[in-house]
J.: 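Dumping the structure here so I can ask a few things about it.
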Protein chains: 2
Amino acid sequence: MPLFGLVHMRAWASLFGQLLRSPRALCIREVHVHSQVAEAVLTSQLKPHQEKSNFIVKTPKGTRDLSPQQMVVREKILDMVVGCFKRHGAKRLDTPAFELKEMLTEKYGENSGLIYDLKDQGGELLSLRYDLTYPSSLTYLCEVPFARYLAMNKVKKMKRYHVGKVWRRESPTIVQGRYREFCQCDFDIAGHFDPMIPDAECLKIMCEILSGLQLGDFIIKVNDRRILDGMFAVCGVPESKFHAICSSIDKLDKIPWKDVRHEMVAKKGLAPEVADRIGDYVQCHGGVSLVEQMFQDPRLSQNKQALEGLRDLKLLFEYLTLFGIAEKISFDLSLARGLDYYTGVIYEAVLLQTPAQAEESFSVGSVAAGGRYDGLVGMFDPKGHKVPCVGLSIGVERIFSIVEQRMKTSGHKIRTTETQVFVATPQKNFLHERLKLIAELWDAGIKAELLYKNNPKLLTQLHYCEDMGIPLVVIIGEQEMKEGIIKLRSVASREEVAIKRENLVAEIQKRLSES
Amino acid sequence: MPLFGLVHMRAWASLFGQLLRSPRALCIREVHVHSQVAEAVLTSQLKPHQEKSNFIVKTPKGTRDLSPQQMVVREKILDMVVGCFKRHGAKRLDTPAFELKEMLTEKYGENSGLIYDLKDQGGELLSLRYDLTYPSSLTYLCEVPFARYLAMNKVKKMKRYHVGKVWRRESPTIVQGRYREFCQCDFDIAGHFDPMIPDAECLKIMCEILSGLQLGDFIIKVNDRRILDGMFAVCGVPESKFHAICSSIDKLDKIPWKDVRHEMVAKKGLAPEVADRIGDYVQCHGGVSLVEQMFQDPRLSQNKQALEGLRDLKLLFEYLTLFGIAEKISFDLSLARGLDYYTGVIYEAVLLQTPAQAEESFSVGSVAAGGRYDGLVGMFDPKGHKVPCVGLSIGVERIFSIVEQRMKTSGHKIRTTETQVFVATPQKNFLHERLKLIAELWDAGIKAELLYKNNPKLLTQLHYCEDMGIPLVVIIGEQEMKEGIIKLRSVASREEVAIKRENLVAEIQKRLSES
């Protein structure tokens, strides 16, 4: 199980107390275990000004450049995720990289060290966006791009997705190898609708994405904020301790019940019998039958809130069965995320096993999460009008590193260009012909390259194609010119055929459409 | 002609003097004339905490949210631009949103108010990236993500593109309607190659993109840093005045020669006869014949630097002719950009006319620019190893506003979703059937939606399809259930056909592939 996640959660909890339970706290657990933050340190001299000032050429702490190889992996994953969002009718939205700081900390002075502030250069005080949809859970007052957008534009109904970078000043001394800049993919449905239909669609989307990415077996844990609250109430947890107990319970996927129980009793001052009552519940997980069982539970069935939650969960399972994904969903009373935000159903997808080819050290865990938050938009609306919302975040950074790691292990070579045809010549003084030819290919929409040399060697040109994985070579020389033909060579089979010059584009397009 | 551009350049020049001539100063001229920076100001109450604290719900000054409509336009344009970069074999690179501030201002204390600094929260001092490839021209020491990447990773050869946001703290009091956050698209070729081949490819790329986007007629002005320097030298401009005179000359596309001459003489203290000599040159523009003419020029032909530049331009025109784009290129001795950076050929694409349907107030102008900069990477290399580079920036923000404006004027409705099929029912209590059906469509990769209601009215459902531009509707009701069929309706023609339930997915896929 993901040890790193645990370490992080602990470190965070000790730093920021109970406020840290983020509703989409995925990022908190996104650990790039293998890819160390490379900080190649070079000293450079400012030659042109003849000063001997050395300075360090590196990226800022916690950030990195993404190489063409990494960009290819990312784009494939993002295309797949965005493709799914579009399949479900979502629109794309974009918001600025920074927001007004006053919305974050004005009233509460909760000056989180995790948020990047911009320097006061006169004018507004700004902070880099911490999240696309909502905030850290530090307080309700963090940046809330989506909720702000809905309230500001009086949008009452919207299915949107957002892919973008977010920034968190995580302390690298506490959390090794975590990045401070990362990509986030959010999908949300805002509006007043009949219960559980959009909620079920969110779970369907998570299943489609995780199946589509072939990350291995996964399960989505589901619970409901109202069931959690009801459970705490009927077990006798004082309301002031809900948050603290909630964060203990959330550790159950990493440490055994007895350790969690010890923490609750010894550190958080819960009565042992209360802890035991909680224990009876939070060790339960199962399908719709567990929902039925809870309806019969003598204590829980007396709690109005819990009953509401159970009723919704029952309906949810009905819809999930129709969607054909019920077996991927586990009602799990230990799932306890985001007490600050979520008002209804909550969920979190976890990978069940280390991807087959990954190294031992590779930790898996939460890769997607979300839930219903009906109160957030209202806080940004001048009249407090509520817009119920339900949504999800895909933990793409974690998925990137799983896929990258897998590719590394498998030795799979990634093409970083999409070039289809290379224009070559075996002879000297054929640059003009090559340039004419390649322009013809470009103009026909064919992806083509040549070497930027007047007289390259044929072998150099063919090696380039092999190195870059370019499938086709067009060869032009004196003999070909005379006969009005072009040679078309397959790099893989080394077969060459002669084609009439005027048929070249058509022939290439035919070959490419077949491959 | 673009008045706004002029105003900006003047304002900038007065603020920052000669240092402001950015090599890719496109952004300086990117003016969002129509779309006023919307700052809907709402006051909100923090209900949940029962405090009466009002705060303003808005985006930071100079930034804006991008609506789904705007995102669709953007994505289409970016797909086209990126498609072209890929057609030319470029790899994608990404760099962090911020870089170390020390590289910017350490030695020179040139604290530009245009760069967003991050607050000192302990640790490194950082600034938001100002440019993807290089810097403002404030000094050589600005952020240089691409050059830094090459030097840091000892990359000697690379064809890369970069699409990303950059940020500039432009003063909104000076420059109305300009954004402080915008998208930039760069393409660059780094490496030692035979002369003018990659340079010609950059111009080909600019032509392909501008033709592809159908922005109307355009021309690409070309000049060479060495010709400019040579021209100044042979005309008798003191070297200390190169920069100042350069910036006057750059205004020739907006104001007449006599005004520029006046500025050079009256404000910049140039001798009238020197100004007149410059005037003879900078009013020249033409094709390769002008290059030939300059070879014969008694003064210019005596200058070694100018001769080198002319020789390269001649070769460039040879290649441009082979690429079939020579008629789009104008050798223009008044093109005077980026004395700080460019070491060879420079170019700038301008639209020749207001797009037919645009309003009067719409200003056109520079939409792409670039050039050769052989010295920049060496400054970041510890041993000063040079990596020659040539590249271009597409002024996508300006292109976005042209296309948005055009769509607005034409009343063209933009679809913000890609939904292909809507699942409807004319009857009550058909939610279960609808959910089963839509899951089948999603699982087959079909983009599908339904209303999140238990019992929506058929008319409401059909209206939704018309509103959203969804082409197909699948209708299921009691009768259809009995007969084992589904009705497939075309929203445009209102024709309905009955299809066997088991053939539905295949039939939809067939229809979609035909359309």
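Chain letters run A, B, ... following the sequence lines, proteins first and then strands; every chain starts at 1. No hydrogens, no waters, no symmetry mates; every other heavy atom, side chains included, goes into these values.
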J.: Answer with side chain, backbone, both or neither: which region of A:Glu433 has an atom nearer than 4.5 Å to a non-hydrogen atom of chain B?
T.: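 A:Glu433 has no heavy atom closer than 4.5 Å to chain B.
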
J.: The criterion is salt bridge (Lys or Arg N to Asp or Glu O under 4.0 Å); which residues satisfy it with A:Glu318, sequence neighbours excluded?
T.: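 A:Glu318 satisfies salt bridge (Lys or Arg N to Asp or Glu O under 4.0 Å) with no residue once adjacent residues are dropped.
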
J.: For B:Tyr161, which atoms come within 4.5 Å of any heavy atom of chain A: side chain, backbone, both, or neither?
T.: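 Just the side chain, heavy atoms under 4.5 Å.
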
J.: Between chain A and each of B:Ile446, B:Thr419, B:Leu450, B:Leu451, count heavy-atom pairs under 4.5 Å; write down the option with the most.
T.: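 It is B:Ile446.
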
J.: Going by heavy atoms in the side chains, are A:Thr95 and A:His162 under 4.5 Å from each other?
T.: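 In short, these two side chains touch, coming nearer than 4.5 Å.
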
J.: Using non-hydrogen atoms and a 4.5 Å limit, figure out which bit of A:Ile325 sits close to chain B: side chain, backbone, both or neither.
T.: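 Neither part, no heavy atoms under 4.5 Å.
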
J.: Give the member of A:His88, A:Met71, A:Met468 that has the highest number of heavy-atom pairs under 4.5 Å with chain B.
T.: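 With the most close heavy-atom pairs to chain B, the winner is A:His88.
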
J.: Taking the six-membered ring for Trp, are B:Tyr116 and A:Phe98 closer than 6.0 Å centroid to centroid?
T.: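 Yes, ring centres under 6.0 Å apart.
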
J.: At a heavy-atom separation under 4.5 Å, does A:Lys204 approach chain B through its side chain, its backbone, both, or neither?
T.: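 Only the side chain of A:Lys204 comes within 4.5 Å of chain B.
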
J.: Mind checking what makes salt bridge (Lys or Arg N to Asp or Glu O under 4.0 Å) contact with A:Glu449, not counting sequence neighbours?
T.: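 For A:Glu449 the salt bridge (Lys or Arg N to Asp or Glu O under 4.0 Å) partners, ignoring immediate neighbours, are B:Lys159.
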
J.: Please report the shortest heavy-atom distance between B:Ala97 and A:Trp167, naming the atom on each side.
T.: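 Smallest interatomic distance, heavy atoms only, reads CB-CZ2, 3.4 Å.
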
J.: Do the side chains of A:Glu440 and A:Lys436 get close enough for a salt bridge, i.e. N-O under 4.0 angstrom?
T.: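 No salt bridge links A:Glu440 with A:Lys436.
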
J.: Please look at A:Glu201 and chain B and tell me whether the side chain, the backbone, both or neither of the residue comes under 4.5 angstrom of a heavy atom of that chain.
T.: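 The answer is the side chain of A:Glu201.
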
J.: Using a cut-off of under 4.5 Å for heavy-atom pairs, which of B:Thr416, B:Leu435, B:Thr417 has the most such pairs with chain A?
T.: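 Among the listed options, the one with the most contacts to chain A is B:Leu435.
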
J.: Can you tell me which portion of A:Ile438 sits under 4.5 Å from chain B's heavy atoms? Options are side chain, backbone, both or neither.
T.: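 Contact with chain B is through the side chain of A:Ile438 alone.
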
J.: Non-hydrogen atoms of chain A under 4.5 Å away: do they reach the side chain of B:Gln420, the backbone, both or neither?
T.: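 Looking at B:Gln420, nothing touches chain A.
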
J.: Between B:Arg415, B:Met196, B:Lys86, B:Gln69, which has the largest tally of heavy atom pairs under 4.5 Å with chain A?
T.: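 Most heavy-atom pairs within the cutoff with chain A belong to B:Lys86.
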
J.: Taking every non-hydrogen pair under 4.5 Å, which of A:Ile470, A:Leu437, A:Leu66, A:Leu431 racks up the most with chain B?
T.: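 Of A:Ile470, A:Leu437, A:Leu66, A:Leu431, A:Leu66 has the most heavy-atom pairs under 4.5 Å with chain B.
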
J.: Taking NZ, NE, NH1 and NH2 as the nitrogens, is one of them in B:Arg87 or B:Glu208 under 4.0 Å from a carboxylate oxygen of the other?
T.: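 Yes, this pair counts.
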
J.: Flag the one option from A:Pro96, A:Pro68, A:Gly89 with the top tally of heavy-atom pairs under 4.5 Å to chain B.
T.: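 Most heavy-atom pairs under 4.5 Å with chain B: A:Pro96.
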
J.: Between B:Lys386 and B:Asp381, does any NZ, NE, NH1 or NH2 come within less than 4.0 Å of an OD or OE carboxylate oxygen?
T.: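 Salt bridge between B:Asp381 and B:Lys386, a charged N being under 4.0 Å from a carboxylate O: no.
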
J.: May I ask you to say whether B:Glu124 pairs ionically with A:Lys61, meaning some side-chain N is under 4.0 Å from a carboxylate O?
T.: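 Salt bridge flag = no for A:Lys61 with B:Glu124.
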
J.: Give a yes or no on whether a salt bridge exists between A:Arg64 and B:Asp94, defined as a side-chain N under 4.0 angstrom from a carboxylate O.
T.: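 Not counted as a salt bridge, because no side-chain N and carboxylate O are separated by less than 4.0 Å.
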
J.: Tell me, side chain or backbone of B:Ala200 under 4.5 Å from chain A's heavy atoms, or both, or neither?
T.: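 It is neither, since no heavy atom gets under 4.5 Å.
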
J.: Quick one: what part of A:Leu93 sits under 4.5 Å from any heavy atom of chain B, side chain, backbone, both or neither?
T.: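 Both backbone and side chain.
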
J.: In plain terms, say whether B:Glu99 and A:Lys58 are close enough for a salt bridge, that is, a side-chain N and a carboxylate O under 4.0 Å apart.
T.: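 No, no charged N to carboxylate O under 4.0 Å.
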
J.: Side chain from CB out, backbone as N, CA, C, O: work out which of these in B:Ile189 comes under 4.5 Å of a heavy atom of chain A, or both, or neither.
T.: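 Looking at B:Ile189, just its side chain touches chain A.
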
J.: Top residue by heavy-atom pair count (under 4.5 Å) with chain B, among A:His432, A:Glu75, A:Lys453?
T.: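 Most pairs with chain B among the choices: A:His432.
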
J.: Between B:Tyr319, B:Phe323, B:Trp442, which shows the greatest number of heavy-atom pairs under 4.5 Å with chain A?
T.: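 Heavy-atom pairs under 4.5 Å are most numerous for B:Trp442.
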
